[in-house]
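The structure under discussion appears below in the form of structure tokens.
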Amino acid sequence: MKIITINQLKFAVGFAILTILFRYGLSNILNIEYFVYVWLLAILYFTTLFIVGWVFGKKDYLSFPFYDVGFRFHLSSYILYITISELWFLFEMQSRYENIKTVHLTALIWGIFLVIHFFFFLYTRKNAIKGINKSDIFE
């Protein structure tokens with residue numbers, strides 16, 4: 001079974017670009033002290049990524065009917081976001097109002113949801129044969 005598909009790779013590239021733009025916008029908004037716009041940027045970022053994930057996830061499912069409830073996309077987005085955020089601080093591109101502890105707290109909370117998603121993924125795998133839903137095979 002393929003672990004990384006073309007659609008997941010396209011999603012990862014789009015996710016990385018949008019995350020870099022988000023980090024850049026966030027740091028600039030904080031530097032000019034327009035704190036109210038941080039929420040608008042975060043909502044726009046989340047909504048855009050949700051749509052991008054939905055589109056590429058749907059294409060991925062239609063191309064390869066894996067029964068993984070989006071776990072691969074969730075895991076890749078977690079790894080990319082945390083890596084880009086850590087590198088943002090490593091290269092000192094953050095605003096003076098940003099703190100690395102926020103990235104670590106985000107990683108912790110998101111990681112908890114990722115573990116929950118992983119258990120849900122394992123549970124749904126019981127209804128699959130080699131990653132394909134049993135009902136899709138035996139219809």
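Residues Phe50 and Trp54 form a side-chain contact, since some pair of their non-hydrogen atoms from C-beta on lies under 4.5 Å apart. When side chains are defined from C-beta on, His74 counts as touching Trp110, because their heavy atoms get closer than 4.5 Å. Between Gln8 and Phe56, the closest side-chain pair of non-hydrogen atoms is not below 4.5 Å. Two residues are said to be in side-chain contact when any heavy atoms from C-beta on lie closer than 4.5 Å; Gln94 and Leu26 fail this criterion.
Separation of atoms CG (Asn7) and CZ (Arg72) is listed at 9.0 Å; rounding is to 0.5 Å. In this structure, Thr106 OG1 and Lys101 NZ are separated by 14.0 Å, a value rounded to the nearest 0.5 Å. The distance from atom CG of Leu75 to atom CD1 of Ile79, rounded to the nearest 0.5 Å, is 4.0 Å. With values rounded to the nearest 0.5 angstrom, Ser77 atom OG is found 9.5 Å from Ile82 atom CD1. Of the inter-residue distances, the one linking Leu44 atom CG with Trp39 atom CH2 reads 14.5 Å to the nearest 0.5 angstrom.
Cluster membership check: Phe121 shares its hydrophobic cluster with Val115, using side-chain heavy-atom separations under 4.5 Å among Ile, Leu, Val, Met, Phe, Trp and Tyr. Under the 4.5 Å side-chain heavy-atom criterion for grouping Ile, Leu, Val, Met, Phe, Trp and Tyr, Leu114 is not connected to Ile112 through any hydrophobic cluster. Leu80 is not connected to Leu87 by any chain of hydrophobic side-chain contacts under 4.5 Å among Ile, Leu, Val, Met, Phe, Trp and Tyr, and they are in different clusters. Linking Ile, Leu, Val, Met, Phe, Trp and Tyr residues whenever their side-chain heavy atoms come within less than 4.5 Å places Phe119 and Tyr78 in a single cluster. Linking Ile, Leu, Val, Met, Phe, Trp and Tyr residues whenever their side-chain heavy atoms come within less than 4.5 Å places Val36 and Leu40 in a single cluster.
With a 6.0 Å radius and a threshold of 12 heavy atoms from other residues, nucleotides or ligands, Phe35 has its CZ atom above the threshold. No more than 12 heavy-atom neighbours from other residues, nucleotides or ligands sit within 6.0 angstrom of CZ on Phe113. Within 6.0 Å of OH on Tyr37 lie no more than 12 heavy atoms contributed by other residues, nucleotides or ligands.
When all heavy atoms of Ser27 and Ser95 are compared, the pair lying nearest together is O-CB, 3.5 Å. Between Ile100 and Glu86, the shortest heavy-atom contact is CD1-OE1, 3.7 Å.
In this structure, Phe118 and Phe71 have tilted ring planes: the angle between them lies in the 30° to 60° band.
Test Tyr81, Phe89, Trp88 against Val103 for side-chain contact (heavy atoms from CB on, under 4.5 Å) and you get one pass: Phe89.
The backbone N or O of Asp60 lies less than 3.5 Å from no partner atom in the side chain of Ser63, so there is not a single donor-acceptor pair.
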Sequence neighbours left out, cut at 3.5 Å: what donor-acceptor pairs do the side chains of residues 9-24 make with other protein atoms?
from: Thr19; atom 1: OG1; to: Phe15; atom 2: O; distance (Å): 2.7
from: Thr19; atom 1: OG1; to: Tyr45; atom 2: OH; distance (Å): 2.7
from: Arg23; atom 1: NH2; to: Glu98; atom 2: OE2; distance (Å): 2.5
from: Tyr24; atom 1: OH; to: Asn28; atom 2: ND2; distance (Å): 3.3

